[in-house]
Amino acid sequence: MSLLPVAEAQARLLVKVRPVADYETVTLSDASRRVLATDLPARLTQPPFNASAMDGYAIRHADLSAPNTSLKVIGVSAAGHAFDGSVAEGEAVRIFTGAPLPEGADSVLLQEDVEATGDGSIRSTYPVRAGQHMRRRGQDFVDGEIVLPHGTVMDFTRLTVAAAMNHATLTVFRRPLVAILATGDELLPPGAIPGPSQILASSTFGIAALARQAGADILDLGIAPDDSAAITAAVERARDAGADVIVTLGGASVGDHDLVQATLVAAGMQLDFWRIAMRPGKPLMVGSLGLAHVLGLPGNPVSSLVCGILFLEPLIRKLASLPPIQRAATSLTATPLAANNQRQDYLRATLSRSPDGGWSAEPFGKQDSSMMKIFAQADCLIVRPPNAPAMPAGMPCPILLLRPDLQG
Ligand SMILES: Nc1nc2c(c(=O)[nH]1)N[C@H]1C(S)=C(S)[C@@H](COP(=O)(O)OP(=O)(O)OC[C@H]3O[C@@H](n4cnc5c(N)ncnc54)[C@H](O)[C@@H]3O)O[C@H]1N2
Ligand code: MOO
């Protein structure tokens, strides 16, 4: 059976994805990294009044045309406590940052540039520019202006302006729901005491974390034994919960106990493709069950996680209306690389900075897809395209960063 090239498999998966259109209302505190489902207009004008940008004195610029003019201080305007009056010729009002500029005033003297002349008057010791240190009403945004268009990904700057525009809640797209099912008679949850021939179901946790980081909610379906009825029952739970993606772990290959594909097809899954020209991850299976996308990930934990990065993460990002996570980078290889066969290879490697500031990637000597420790120690995957020729040390090669938010 021929193997599908990775890029073709990714394209075939993503072309069918329709972003989640349902939306929900969340408070601002829960809105970080959520995607706006509507345009967000300002509900007020900011600043709502001409305001002082400095601590000092509100004055009329025209009053200072003659040198050494002294101005009588007639009151105080503080943030939250406007001066209830206006500034007439020869007058000034003590003012603080953020306070409304009184009627009649058009400029602010910095208090450091002022000296007292006795009897409650002041004089500027520095040249004054008309309109200085004043924030004009509406210079930030005006009532009704669409400041954040729909599709905006909320973050610290956008949450701040949303709050300033007087939105306590936001309408955001629902997060995609990813249901995860581990399969295998040999599996136990972490914390259990494994008997002979048992192991712990580990990749559920990595896949759940990857999916959450990508913007999904998780439904953990636990562990199903190698039994069609148990797998079918778990998948029914995912469908009842409205999962957008059903991820199975293990049982994807060709062994007598690899029941996942046949069971899902019997449950109504349309198989799209199976078996990819990649290492690890060859037995990856992709299909759909009703409206849900189905990803059958291989059981070896490294294979599951590499398929998670290459297929599940982009699928979630598109469902969630989020931009792809940029993992692709280039590094020099610290060691020679062997010629590759027809499967695109993803070598677990550590990264260090080379003297010119670029990356240098050193692959681990053994690359077995069951070895979780070296994957946890790795910083990147070196991508070896199909049939790539042998490469000496010091040559540039494509890599995928495992922690792009920490490795920029
Ligand atoms: N004759 C062939 N045998 C295999 C082929 C093949 O093409 N022909 N492909 C191999 C490749 S490549 C992979 S990858 C594995 C994956 O196969 P499965 O998806 O069927 O995985 P399992 O057999 O169920 O498990 C493999 C391995 O992983 C452990 N496992 C399973 N689930 C988990 C989990 N949730 N957490 C941690 N570890 C898990 C399981 O105990 C096995 O040790 O097939 C090769 N065989
Ligand atoms: O593809 Mo398997 O994932 O090589 O171990």
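Read the numbers this way: they start at 1 and go in the same order the structure lists the ligands and their atoms. Count residues from 1 along the sequence.
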Evaluating non-hydrogen atoms only, which member of A252, S303, G281 is closest to atom 1 (O) of ligand 2?
G281
Table of N or O contacts for ligand 1, cutoff 3.5 Å:
unit_1   : atom_1 : unit_2 : atom_2 : d
ligand 1 : 7 (O)  : K282   : NZ     : 2.9
ligand 1 : 9 (N)  : S253   : OG     : 3.3
ligand 1 : 19 (O) : G251   : N      : 3.4
ligand 1 : 19 (O) : A252   : N      : 2.9
ligand 1 : 19 (O) : G299   : N      : 2.9
ligand 1 : 20 (O) : G251   : N      : 3.4
ligand 1 : 20 (O) : A252   : N      : 3.0
ligand 1 : 20 (O) : S253   : N      : 2.9
ligand 1 : 20 (O) : D258   : OD1    : 3.1
ligand 1 : 20 (O) : D258   : OD2    : 3.2
ligand 1 : 21 (O) : G299   : N      : 3.2
ligand 1 : 24 (O) : G251   : N      : 2.9
ligand 1 : 28 (O) : G299   : O      : 3.2
ligand 1 : 28 (O) : N300   : N      : 3.3
ligand 1 : 30 (N) : G299   : O      : 3.3
ligand 1 : 35 (N) : S203   : OG     : 3.1
ligand 1 : 36 (N) : S202   : N      : 3.1
ligand 1 : 36 (N) : S203   : N      : 3.4
ligand 1 : 36 (N) : S203   : OG     : 3.2
ligand 1 : 41 (O) : E186   : OE2    : 2.6

Can you find a pair of side-chain heavy atoms, one from I276 and one from L3, that are under 4.5 Å apart?
no
Do you know which of L249, L219, I246, V245 makes side chain to side chain contact (heavy atoms under 4.5 Å, CB included) with I180?
L249
Can R384 be said to sit on top of Y346's aromatic six-ring, NZ or CZ under 6.0 Å from centre and within 45° of the ring axis?
no
Distance filter under 4.0 Å to P280 heavy atoms, resulting ligand 2 atoms
1 (O), 3 (O), 4 (O)
Give a yes-or-no answer on whether the side chains of R348 and Q377 include a donor-acceptor pair shorter than 3.5 Å.
no
Report yes if R279 has an N/O atom closer than 3.5 Å to an N/O atom of ligand 2; otherwise report no.
no
Would you compute the distance between atom CG of L347 and atom CD of Q367 and round it to the nearest 0.5 angstrom?
4.5 Å
Ligand 2 atoms nearer than 4.0 angstrom to some heavy atom of N300 are 5 (O)
Logged contact type for S369 with ligand 2, heavy-atom cut-off 4.0 Å, is side chain
Let me see the working for L40 and R158 under side-chain contact (heavy atoms from CB on, under 4.5 Å), right down to the final yes or no.
CA-CA 11 Å; L40 205 67; R158 290 148 182 187; over 6 Å; no
What's the shortest heavy-atom distance between T335 and P363, and which atoms?
OG1-CD, 3.3 Å
Provide the number and element of each atom of ligand 2 under 4.0 Å from a heavy atom of R343.
1 (O), 4 (O)
R403 and A376: which non-hydrogen atoms are nearest, and at how many Å?
NH2-O, 3.3 Å
Do T45 and D143 meet the criterion of a side-chain donor-acceptor pair at a distance under 3.5 Å?
no
